[in-house]
*Asks:* 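To start, I am sharing the structure in question, which I have written as structure tokens.
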Amino acid sequence: MKSITRSLPTLAALLASVALPGIANATVTVLGWPGGSEETALRATVEAYNAQAGISDADKVQLLFFNRDGFFDKLQADMAAGSDAFDVNLVATYSIGRYAPYMEPVELGSDAAKVFGESVLKTMQFDGKQYGVPTDLSLHFMYYRKDLIDALMKDEAAKKTYGEIAQKYLGKELQPKDPDSWTWDDWAATALYFSKQANSASPVRYGTVLQMKNLLFNMMVFQSLPRSYGGNWMDKDGKITVDSDAYKTGLELYKKLYDAGASPKDSLSYEYAETNAAYGSGQAATALQWNAAAADLTNAEKSPAVAGVTGIVAPPAGPDGRADHIHGLGLGLNKNAKNKEGATKFLKWLASEDAALLYAKSGGSPALSPEVVAKVASERPDLVKLGEFASKYGYVMNGATSANALSVYELQAKEFTGYWAGQQGLDDALAHVKTGMQDLLKK
């Protein structure tokens with residue numbers, strides 16, 4: 001991953017260039033997660049906060065964003081250097097331990113537990129202290145084209161072709177199933193059937209969209225596949241177990257689909273935005289994608305080709321059942337904040353029911369208590385699924401909350417993308433990852 005670490009004067013210049021219009025006197029600066037629904041929701045929520053009658057000019061909020069590439073390395077460098085260029089900063093479940101020395105715990109008040117629930121608040125806790133407001137819960141949905149699956153299930157000739165394609169590529173004569181009952185092999189067979197390269201009669205060009213770019217977040221999308229086969233980073237004794245049959249199965253299945261043309265050839269450069277664009281174009285039958293994409297992919301204005309025909313289920317099952325990677329994003333208080341009082345006031349408001357509902361209605365993905373989410377269930381049914389899937393299938397890899405967790409994901413991204421691109425063999429990729437993880441996760 002490329003580092004984009006900047007000097008503080010450059011960061012200050014960047015801040016001046018991205019401040020919200022009309023808030024020149026704002027003194028609470030919030031460093032948020034760039035791009036996607038998280039940025040959209042945060043902008044709308046901050047606009048509402050600043051418009052309140054009780055918010056003085058001195059406590060109004062302006063936003064700061066920089067690229068996703070290198071984001072966490074840059075943030076750590078800035079915070080370790082004592083940067084006061086932002087008062088409130090992004091924090092994630094997998095990075096709290098990394099940033100806690102440079103942050104101050106926050107008291108959100110008793111109502112926060114009623115809004116989010118204790119288990120969700122814990123995604124922003126470290127050593128028993130609350131370090132942030134949980135703005136977004138992230139896991140993965142399997143998005144699929146209901147119209148295509150329905151047509152396939154009703155067509156006997158198509159079912160026969162499906163079985164033949166499954167036998168040819170997977171060595172199994174499978175039959176189409178309801179997506180909510182898919183195994184990973186069922187998904188793979190479906191992806192192959194709906195790919196022009198494997199089936200010239202397919203009504204769409206691709207059966208799926210794989211996120212294969214050398215980017216740590218893509219590893220979070222991928223790893224639910226090996227996890228459902230029993231895979232983990234290490235065992236209870238700390239032994240690295242990534243060179244397992246579970247990981248081999250998952251890596252080989254991705255490569256098989258990519259090589260067969262089930263995903264676009266430029267998938268090696270795909271992450272969140274490219275996956276949304278490819279699926280949203282109407283030329284892909286499925287996509288394993290972050291839950292945050294639901295707000296766009298089911299919106300008729302933003303994704304007219306697929307909004308009305310998109311179904312959502314949890315990721316497919318392996319021998320160990322279903323598994324869904326889960327982590328939280330939130331906002332916390334920089335220890336070197338210039339305006340701690342104003343920043344704390346904003347964070348407490350952000351943890352209120354009104355703010356959480358506004359954030360949800362603006363496209364964010366907060367994990368809300370059943371009583372609160374019921375108030376937006378008709379507008380955001382995906383948030384109901386978010387809570388359901390998190391409780392049933394959510395997991396965290398053993399070692400994935402360590403100080404070097406992000407470095408592990410970066411290592412995996414480099415080596416696994418190299419394998420998928422044909423730059424190295426599977427055994428070499430896994431050996432390199434194992435060796436690197438032994439160093440990164442040593443006690």
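Note that the numbering runs from 1 along the sequence shown for the chain.
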*Asks:* May I ask you to say whether R43 pairs ionically with E39, meaning some side-chain N is under 4.0 Å from a carboxylate O?
*Replies:* yes

*Asks:* Taking atom types as modelled, is there a side-chain donor on T183 or D186 under 3.5 Å from an acceptor on the other?
*Replies:* yes

*Asks:* So K335 and E104, do their side chains get closer than 4.5 Å, heavy atoms only?
*Replies:* yes

*Asks:* Any non-hydrogen side-chain atom of L350 less than 4.5 Å from a side-chain atom of L331?
*Replies:* yes

*Asks:* Whether the side chain of D87 engages the backbone of A337 through a donor-acceptor N/O pair (distance < 3.5 Å, no angle test) should be reported.
*Replies:* no

*Asks:* With a 6.0 Å cut-off on the ring centroids, do F141 and F389 count as close?
*Replies:* yes

*Asks:* Assess, by modelled atom type and distance only, whether the side chains of Q211 and E274 contain a donor and an acceptor separated by less than 3.5 Å.
*Replies:* no

*Asks:* Less than 4.5 Å apart, side chain to side chain, heavy atoms only: is that true for P315 and D324?
*Replies:* yes

*Asks:* Which residues pass the side chain to side chain donor-acceptor pair (under 3.5 Å) test with K361, sequence neighbours left out?
*Replies:* none

*Asks:* Tell me if the aromatic rings of F217 and W33 count as close, with their centers under 6.0 Å from one another.
*Replies:* yes

*Asks:* Looking only at side-chain N and O atoms, does S263 offer a donor or acceptor that is under 3.5 Å from a partner on Y254?
*Replies:* no

*Asks:* Looking at V433 and L411, what are the two nearest heavy atoms and their distance?
*Replies:* O-CD2, 3.5 Å

*Asks:* Out of the candidates H140, Q412, H325, only one should pair with Q223 under the side-chain hydrogen bond (donor to acceptor under 3.5 Å, both in side chains) rule; please name it.
*Replies:* H325

*Asks:* Any idea which heavy atoms bring A284 and V209 closest together, and the distance?
*Replies:* CB-CG2, 3.7 Å

*Asks:* Below 4.5 Å, heavy atoms only, C-beta onward: do F416 and L430 meet side chain to side chain?
*Replies:* yes

*Asks:* So, S228 and W184: side-chain donor and acceptor under 3.5 Å apart, yes or no?
*Replies:* yes

*Asks:* Under 3.5 Å, is there a donor-acceptor pair between the side chain of K256 and the main chain of Y169?
*Replies:* yes

*Asks:* Please determine whether salt bridge (Lys or Arg N to Asp or Glu O under 4.0 Å) holds for the pair E271 and K213, giving the CA-CA distance in whole Å, both sets of side-chain angles, and the decisive distance to 0.1 Å.
*Replies:* CA-CA 6 Å; E271 56 166 311; K213 181 180 179 179; 3.4 Å; yes

*Asks:* What residues form a salt bridge (charged side-chain N to carboxylate O under 4.0 Å, His left out) with K434, not counting sequence neighbours?
*Replies:* D243

*Asks:* Can you check whether L329's main-chain N or O pairs, donor with acceptor, with T135's side chain at less than 3.5 Å?
*Replies:* yes

*Asks:* Between M79 and N334, is the side chain to side chain contact (heavy atoms under 4.5 Å, CB included) condition met? List the steps.
*Replies:* CA-CA 8 Å; M79 297 188 80; N334 179 7; 4.0 Å; yes

*Asks:* Do K248 and L426 have side chains that approach each other closer than 4.5 Å (heavy atoms only, starting at C-beta)?
*Replies:* yes

*Asks:* Which heavy atom of S95 sits nearest to which heavy atom of L406, and what is that distance?
*Replies:* CB-CD1, 4.4 Å

*Asks:* Report yes if some heavy atom in the side chain of D69 is under 4.5 Å from a heavy atom in the side chain of L215; otherwise report no.
*Replies:* yes

*Asks:* Please determine, by modelled atom types, if Y162 and T190 share a side-chain donor-acceptor pair under 3.5 angstrom.
*Replies:* yes

*Asks:* For G32 and L42, which heavy atoms make the closest approach, and how far apart are they?
*Replies:* CA-CD2, 4.1 Å

*Asks:* Under 6.0 Å between the ring centres of F194 and Y206?
*Replies:* no

*Asks:* Does K122, at its NZ atom, have more than 12 non-hydrogen atoms belonging to other residues, nucleotides or ligands within less than 6.0 Å?
*Replies:* no

*Asks:* Between W233 and Y409, does the ring centroid distance fall short of 6.0 Å?
*Replies:* yes

*Asks:* Do NZ/NE/NH1/NH2 and the carboxylate oxygens of D155 and K160 come within less than 4.0 Å?
*Replies:* no

*Asks:* Is it the case that T286 and T208 place a side-chain donor and acceptor less than 3.5 Å from each other?
*Replies:* yes

*Asks:* List the steps, then state whether side chain to side chain contact (heavy atoms under 4.5 Å, CB included) holds for L192 with N199.
*Replies:* CA-CA 7 Å; L192 290 161; N199 175 19; over 6 Å; no

